[in-house]
Asker: 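Mind having a look at this structure? Questions to follow.
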Amino acid sequence: MSLISFPFFIFMCCLLAAYYKAGEKHQWKILLIGSAFFYLCSNPLYIIFIIISIVSTWYLMRNPVRKNFMLTIAINLGLLIIFKYSVNLGVHDLIAPLGISFYTFMTLGYAHDCYDRKIKPSDNLWHYALFISYFPQLTQGPIGTYQDMQDQLTAYHPFDLQKIKTGAYRIIIGVFKKMVIAGRVAFYIDTVYSSPKGYGGLTLIVATLFYLVEMYADFSGYMDIVCGVSEMLGIRLKENFRRPYFSKSIPEYWRRWHISLNEWFNTHLFMPSVTTKWNKKVANILSRFFPKAKKGTLRLIVPTIIVWIITGVWHGAQASYLGWGIYFAFIMLVSFCTQSGVKKFNAKIHWNPENIFVKIFQVVRTLVFLSFGEIIYRSERFSDTIAIFKNIFTDTRINGAEIAAAMTPFGNGNQAAASMIIIVILVTAQFIVELMKEKDEKAFTGHRYIYAFAMLVVIALFGVAGKSNFMYQAF
Amino acid sequence: MEELIALLKDVRDDVDFENAKDLIDSKILTSFDIIQIISTLDDEYDISIPASDIVPENFNSAEAIYALVQKLQG
């Protein structure tokens with residue numbers, strides 16, 4: 001069931017009515033029934049796999065000893081690998097169960113926290129089942145932690161009109177980002193990236209910049225919708241984006257993009273690897289080759305490579321995703337290793353980090369490095385990646401016919417030009433809103449209902465109804 | 001304690017480790033700094049700080065870091 005669909009609207013109306021009608025003791029049960037219904041509507045047979053994961057993890061982690069922890073990892077990772085990489089294993093008609101990448105991470109995070117004695121294992125199977133299957137975060141995250149979610153999910157939430165309004169506002173923003181911005185720019189990107197070799201540098205640069213816009217509008221738009229839906233139920237989900245394109249460095253960008261996934265990797269993979277004995281040994285060996293480097297910096301090298309390769313492969317077992325992971329591992333390592341040197345150099349040349357031009361330079365530099373990574377990620381073939389980089393740097397001609405050809409999905413002639421103008425206006429409007437929020441988190445609250453109404457009109461006029469699949473649903 | 005402050009100053013000489021009580025909560029130390037501190041403590045005090053001990057409470061002040069070192073040495 002797509003979140004932007006009439007059946008989902010009916011589902012939400014029924015759920016909200018039942019949820020707020022239910023008494024204190026039964027409210028969370030309505031959520032569990034609603035979540036099961038949502039899953040059955042999307043993927044009826046495959047509900048068995050999420051049930052296997054829920055029951056086995058809950059049962060094993062009741063006694064969080066090493067053997068049970070390892071068994072939990074084996075069962076959950078095993079299922080994830082089988083379904084996610086079945087194509088690579090030679091099985092072509094296996095569909096992955098809905099949300100498996102996301103609920104597996106939540107399950108493993110829960111198991112690890114139980115094993116580390118950071119949390120008390122759940123003593124109620126049904127409460128635990130609701131934590132894993134809670135429908136707004138099931139399909140694409142955010143990857144909730146048991147600590148954040150459990151009390152909220154089982155507490156009683158009386159009806160609050162303000163929360164319904166705030167939720168509805170978030171949903172409208174999300175639908176606008178997805179259907180108007182992401183849906184429109186997607187056509188151009190798909191056309192150019194499906195056969196990039198013939199296009200000139202400028203067209204490829206525009207398509208790549210549009211891709212940054214599409215990714216943000218699609219994924220953060222989805223998050224706005226799920227946060228809005230959850231807000232209506234009185235449950236606050238973790239924010240997954242904090243205006244990432246205003247980041248001044250790539251490490252900062254990864255603290256502001258897909259926050260819940262990156263925090264998961266940091267807590268459950270990166271930090272544990274940094275502190276292991278073998279990593280300490282590796283750092284000692286490396287210090288023989290780099291005697292001037294700080295030991296702490298050397299201890300970052302192997303964990304960074306591991307985390308980024310796994311993040312890449314988590315998106316799928318394709319060379320482009322692996323290349324993307326290796327690229328960001330490299331950028332992160334360069335950033336870590338040069339951090340103290342750059343700081344000293346900046347002090348020497350009296351480079352003031354608070355200066356607006358310095359900030360703009362840093363933001364643009366981050367976007368350039370990010371774009372290079374996304375070219376690797378988005379290319380369908382390795383030869384395409386090479387061709388795109390080559391054309392961007394060598395083919396600087398401006399080809400009117402080429403631009404017109406890429407815009408044909410928008411219509412012909414004036415119609416296509418008008419669509420482009422509308423996109424630019426909409427992206428600029430959204431950019432201004434986000435810039436205001438970057439300066440002051442609460443800056444935009446006063447005008448938001450007028451903005452929401454304007455967006456509703458725009459969605460009605462320009463929304464792309466045909467393309468309502470979200471990019472991250474594939475993962 | 002003085003020895004510990006000197007080690008911490010080696011990692012970040014611009015931070016007031018003697019008085020600060022909110023090194024993590026106020027985002028004075030970054031995760032990069034924490035890893036430098038962990039690595040220094042591991043080597044200097046011959047301890048091994050497990051990932052489960054890397055929580056804000058243990059790194060918010062020099063006293064908290066000192067208490068963590070003592071706990072792991074004991």
Side-chain angles (χ1 to χ4, degrees), chain A residues 64 69 109 112-119 147 248-252 254-255 262-263 265-284 286-287 293-304 307 332-333 335-340 342-344 346-347 353, chain B residues 1-17 20 22-62 64-74:
Chain A
F69 178 47
H112 189 201
D113 285 343
C114 287
Y115 177 67
D116 267 354
R117 305 290 194 270
K118 281 186 185 163
I119 52 171
Q147 296 92 312
K248 294 189 283 295
S249 68
I250 291 288
E252 185 191 340
W254 288 114
R255 288 194 294 273
N262 292 305
E263 281 184 357
F265 272 116
N266 197 38
T267 312
H268 300 294
L269 192 62
F270 184 74
M271 278 303 186
S273 327
V274 165
T275 52
T276 52
K277 283 189 180 131
W278 60 260
N279 188 42
K280 210 169 161 180
K281 279 184 195 159
V282 171
N284 285 337
L286 287 171
S287 68
K294 284 185 180 172
K295 282 261 181 73
T297 310
L298 296 175
R299 279 171 76 163
L300 288 168
I301 293 176
V302 177
T304 303
V307 164
M332 296 293 273
L333 285 175
S335 173
F336 291 146
C337 296
T338 55
Q339 206 171 63
S340 54
V342 168
K343 235 183 220 172
K344 279 178 200 161
N346 288 348
Chain B
M1 187 68 182
E2 276 170 25
E3 189 193 342
L4 175 70
I5 300 269
L7 290 173
L8 295 174
K9 287 267 180 198
D10 268 352
V11 175
R12 281 282 298 271
D13 57 3
D14 58 331
V15 173
D16 179 13
F17 285 106
D22 52 355
L23 293 168
I24 307 295
D25 296 340
S26 299
K27 296 182 177 161
I28 298 168
L29 293 182
T30 63
S31 54
F32 181 77
D33 298 326
I34 302 286
I35 291 164
Q36 301 293 348
I37 291 172
I38 291 165
S39 172
T40 308
L41 298 178
D42 276 12
D43 290 343
E44 293 296 325
Y45 296 104
D46 198 25
I47 52 174
S48 190
I49 300 174
S52 52
D53 274 332
I54 306 173
V55 288
E57 302 89 271
N58 286 338
F59 289 87
N60 258 332
S61 66
I65 299 173
Y66 188 69
L68 174 68
V69 171
Q70 292 217 309
K71 184 187 101 179
L72 294 169
Q73 278 181 327

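These numbers come from the heavy atoms of this one structure, side chains and all, not from hydrogens, waters or symmetry mates. Protein chains get the first letters and strands the later ones, always in sequence-line order, with residue 1 at the start of each.
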Asker: Check whether A/Leu300 gets within reach of chain B through its side chain, its backbone, both or neither, counting any heavy atom under 4.5 Å.
Answerer: side chain

Asker: Of the non-hydrogen atoms in A/Phe336 and B/Phe32, which two are nearest, and what is the gap between them?
Answerer: O-CZ, 3.5 Å

Asker: What are the two closest non-hydrogen atoms of B/Ile47 and A/Lys280, and how far apart are they?
Answerer: O-NZ, 3.4 Å

Asker: Kindly indicate whether the side chain of A/Thr275, heavy atoms from C-beta on, has any atom under 4.5 Å from the side chain of B/Ile54.
Answerer: yes

Asker: Does atom CG of B/Asp14 have more than 12 heavy-atom neighbours, drawn from other residues, nucleotides or ligands, at distances under 6.0 Å?
Answerer: yes

Asker: Among A/Lys277, A/Arg299, A/Lys295, which one satisfies salt bridge (Lys or Arg N to Asp or Glu O under 4.0 Å) with B/Asp42?
Answerer: A/Arg299

Asker: What I'd like to find out is whether the side chain of B/Thr40 reaches to under 4.5 Å of the side chain of A/Lys294, using heavy atoms alone.
Answerer: no

Asker: Count the heavy atoms belonging to other residues, nucleotides or ligands that lie under 6.0 Å from CD of B/Gln73, then report whether that count exceeds 12.
Answerer: yes

Asker: Under the side chain to side chain contact (heavy atoms under 4.5 Å, CB included) rule, what do B/Ile38 and A/Val274 come out as? Steps first, then yes or no, please.
Answerer: CA-CA 9 Å; B/Ile38 291 165; A/Val274 165; 5.6 Å; no

Asker: Distance from B/Ile49 atom CD1 to A/Met271 atom CE, nearest 0.5 Å?
Answerer: 10.5 Å

